Peer 1: 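Would you mind keeping the following structure in view while I ask a few things?
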Amino acid sequence: MAPESHEPIDLDAEHLADSAFWSASAEHRELVFAELRRHDPVRWYPPRQSGFSRACTEFWALTRYDDIWHASRNPAGFCSSVTIDIEVMPDELGEFYPSMINLDAPEHSRLRRLVASGFTPKEIAAQDPHLRQIAAEIIDDVLDRFGDGSEFDLVSEVAARLPLRAICGMLGVPESDHGLMLEWTNLAVSPDDATVGVEGAARGLRQIADYALDLGRQRLARPADDVTTVLMHAEVDGERLTTKDYANFFILLISAGNETTRNAITHGLRLLTTHPDQRQIWFDDFERHAATAVEEIVRCEPLISNMCRVLTQDVELHGVTLHAGEKVALWYPSANRDETVFSDPGRFDVRRPVHPQQVGYGAGGPHFCLGANLARREMVVMFDEIRRRTPNLAITGEPDRVLSMALNSVRRVSASVAP
Ligand code: HEM
């Protein structure tokens, strides 16, 4: 069933790329998406300048699961190389972005092949002891410092730490520099946050790029067993990556690895706090429900709100003609609540079957999240450690959310291990 509307929704008064829409309640956004799915599944939005630092361009909004699935799996018609962003990309940010996520075949496939073997389920499974050790250290630390029940910030003390150490480890960033990476990626992905702005994001991106180039030079001279070494020594069509291609690849991996799973862990604990029955079901038979539970967390709280594609040819969708060159935004939070696909989509259910597949990692196709296996494993390991050592760990305050139409991020939220 679609959510019952308790407030009348006037689609003409809503703009999906307006800061007002993202400042409103999650319930309001769900009602708007439900109305779009029902009555206007292919809707045109004009350009908009709102409270976000950057203006957005015009776009078509796709909100139904099947349409997002179709667009994601037809890269010849819905391409990524023109842009994947709703917002206008200023030059000072744009220079750091071209990487595989906004390329099409064959360049995309060549770049993805360079690193894909490091992200297979088998490779990620091999990291388990390492991930478990990190999770254990995080919980040791929480118990040492906050075991008396005092409140702490879940994001910085728990959720950010495992993804950060995992991706930094894969890239060969030494532990002494992890804090810098966290600081810089936070800046890099927050150009729309008034406290950061385009200037702050550009500064973060530049710092990561400079760092990557320095680390890359070291790996060229002395190879190590890490992804940076793979990228520095790789040849694509007989040629090494240019320094720019390499730096942008590094930026993509470090930011995607850091900024998403942290929020998945944060939202996951929030959902378990507000749904104690689901916590009990999962924690009573952890391994049995682990795969469905971590998928359900991402279904309920997709960490990336949208990705865009640009049409390479005219397309007819639900009686509407979309023209070549126009931009289409794929709204994952809406697809994940599509009542024609998921039964009772508003319900958090750790036993919900993984098919039909939720689209928080993308809806398939060539750009499907490279790090999905890693993210899933990080979540399982972190929640397993929580279950064993701090089963009552709970959120105690309202999350301080980052205002963004791209990322579903929490800046900080208080928690405690009180019995
Ligand atoms: C819960 C955590 C995560 C979520 C929800 C998530 C979500 C996504 C989404 C929605 C996409 C775009 C899919 C598309 O356009 O079709 C994507 C792409 C990508 N993700 Fe993730 N991601 C997560 C974690 C990670 C991690 C840990 C990494 C590690 C490096 C990662 C690396 C990437 C990369 C490299 C791409 C671009 C792939 C390509 O263009 O071929 N992600 N992710």
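Every number for a ligand or one of its atoms is a count from 1 in the order of the listing. The structure displayed is predicted, hence computed values, not measured ones.
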Peer 1: Using a 4.0 Å heavy-atom cut-off, which part of Arg112 comes near ligand 1: side chain, backbone, both, or neither?
Peer 2: side chain
Peer 1: Run the salt-bridge test on Glu296 and Arg351 with the 4.0 Å N-O cut-off and return the result as yes or no.
Peer 2: no
Peer 1: Does Arg161 pair with Asp141 as a salt bridge, N-O distance under 4.0 Å?
Peer 2: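 The answer is yes: the pair qualifies as a salt bridge.
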Peer 1: Near Pro366, which atoms of ligand 1 are under 4.0 Å from a heavy atom of that residue?
Peer 2: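 Answer for ligand 1: 41 (O).
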Peer 1: Tell me whether His108 reaches ligand 1 (any heavy atom closer than 4.0 angstrom to a ligand atom).
Peer 2: yes
Peer 1: How would you list all residue pairs meeting ring pair (Phe, Tyr, Trp, His ring centres under 6.0 Å) that involve residues 349-386, not counting sequence neighbours?
Peer 2: His108-His367, Trp282-Phe383
Peer 1: Heavy atoms, side chains only, cut-off 4.5 Å: are Gln127 and Arg377 in contact?
Peer 2: no
Peer 1: Taking only protein atoms, how many N, O or S atoms are found under 2.8 Å from atom 21 (Fe) of ligand 1?
Peer 2: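 With waters ignored, the protein N/O/S count below 2.8 Å is 1.
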Peer 1: Between Asn306 and Met405 (side chain of the first, backbone of the second, donor and acceptor by atom type, cut-off under 3.5 Å), is there such a pair?
Peer 2: yes
Peer 1: Looking only at heavy atoms, is any part of Met307 under 4.0 Å from ligand 1, and if so is it the side chain, the backbone, or both, or is it neither?
Peer 2: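 Contact part for Met307 vs ligand 1: side chain (C-beta onward).
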Peer 1: Please work out whether any backbone atom (N, CA, C, O) or any side-chain heavy atom from C-beta onward of Ala166 is under 4.0 Å from ligand 1, and answer side chain, backbone, both or neither.
Peer 2: neither
Peer 1: If you count every heavy atom of other residues, nucleotides or ligands that lies below 6.0 Å from Asp277 atom CG, does the total exceed 12?
Peer 2: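 Atom CG in Asp277 is crowded, with more than 12 foreign heavy atoms closer than 6.0 Å.
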Peer 1: Taking Asp384 for its side chain and Val380 for its backbone only, find out whether a donor-acceptor pair lies under 3.5 Å.
Peer 2: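 Checked: no pair found.
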Peer 1: Tell me, please, which residues at least two apart from Arg29 pass side chain to side chain donor-acceptor pair (under 3.5 Å).
Peer 2: none
Peer 1: So which of Thr340, Asp338, Leu62 actually passes side chain to side chain contact (heavy atoms under 4.5 Å, CB included) with Arg37?
Peer 2: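 By the side chain to side chain contact (heavy atoms under 4.5 Å, CB included) criterion, Arg37 pairs with just one of Thr340, Asp338, Leu62: Asp338.
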Peer 1: Quick one: does His15's side chain get under 4.5 Å of Phe21's, heavy atoms only?
Peer 2: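 A side-chain contact is absent here, since even the closest heavy-atom pair is not under 4.5 Å.
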Peer 1: Any atoms of ligand 1 less than 4.0 Å from a non-hydrogen atom of Ile167? List them with their elements.
Peer 2: 30 (C)
Peer 1: Using a 4.0 Å cutoff against the non-hydrogen atoms of Arg309, which atoms of ligand 1 qualify?
Peer 2: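 Reading through ligand 1 atom by atom, the close ones are 14 (C), 15 (O), 16 (O).
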Peer 1: Where is the tightest heavy-atom contact between Arg240 and His233, given as atom of each residue plus distance?
Peer 2: NE-O, 3.6 Å
Peer 1: Under the side-chain contact (heavy atoms from CB on, under 4.5 Å) rule, collect the residues that match up with Leu370, sequence neighbours excluded.
Peer 2: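 Leu370: side-chain contact (heavy atoms from CB on, under 4.5 Å) contacts with Met100, Arg112, Val115, Ala116, Phe119, Leu253.
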Peer 1: Look at atom 29 (C) of ligand 1 and say which protein heavy atom is nearest, naming residue and atom and giving the distance to 0.1 Å.
Peer 2: Gly257 CA, 3.7 Å
Peer 1: How does Ile84 reach ligand 1, if at all, at less than 4.0 Å between non-hydrogen atoms: by side chain, backbone, both, or neither?
Peer 2: neither
Peer 1: Where does Glu378 meet ligand 1, judged by heavy-atom distances below 4.0 Å: at the side chain, the backbone, both, or neither?
Peer 2: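 Under 4.0 Å from ligand 1, Glu378 contributes no heavy atoms.
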Peer 1: Could you tell me if any non-hydrogen atom of Gly360 lies under 4.0 Å from any atom of ligand 1?
Peer 2: yes
Peer 1: What do you reckon, does Arg73 put a non-hydrogen atom under 4.0 Å from ligand 1?
Peer 2: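 So Arg73 does not count as touching ligand 1.
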Peer 1: Which residue holds the protein heavy atom closest to atom 40 (O) of ligand 1, what is that atom called, and what is the gap in Å?
Peer 2: His367 ND1, 2.6 Å
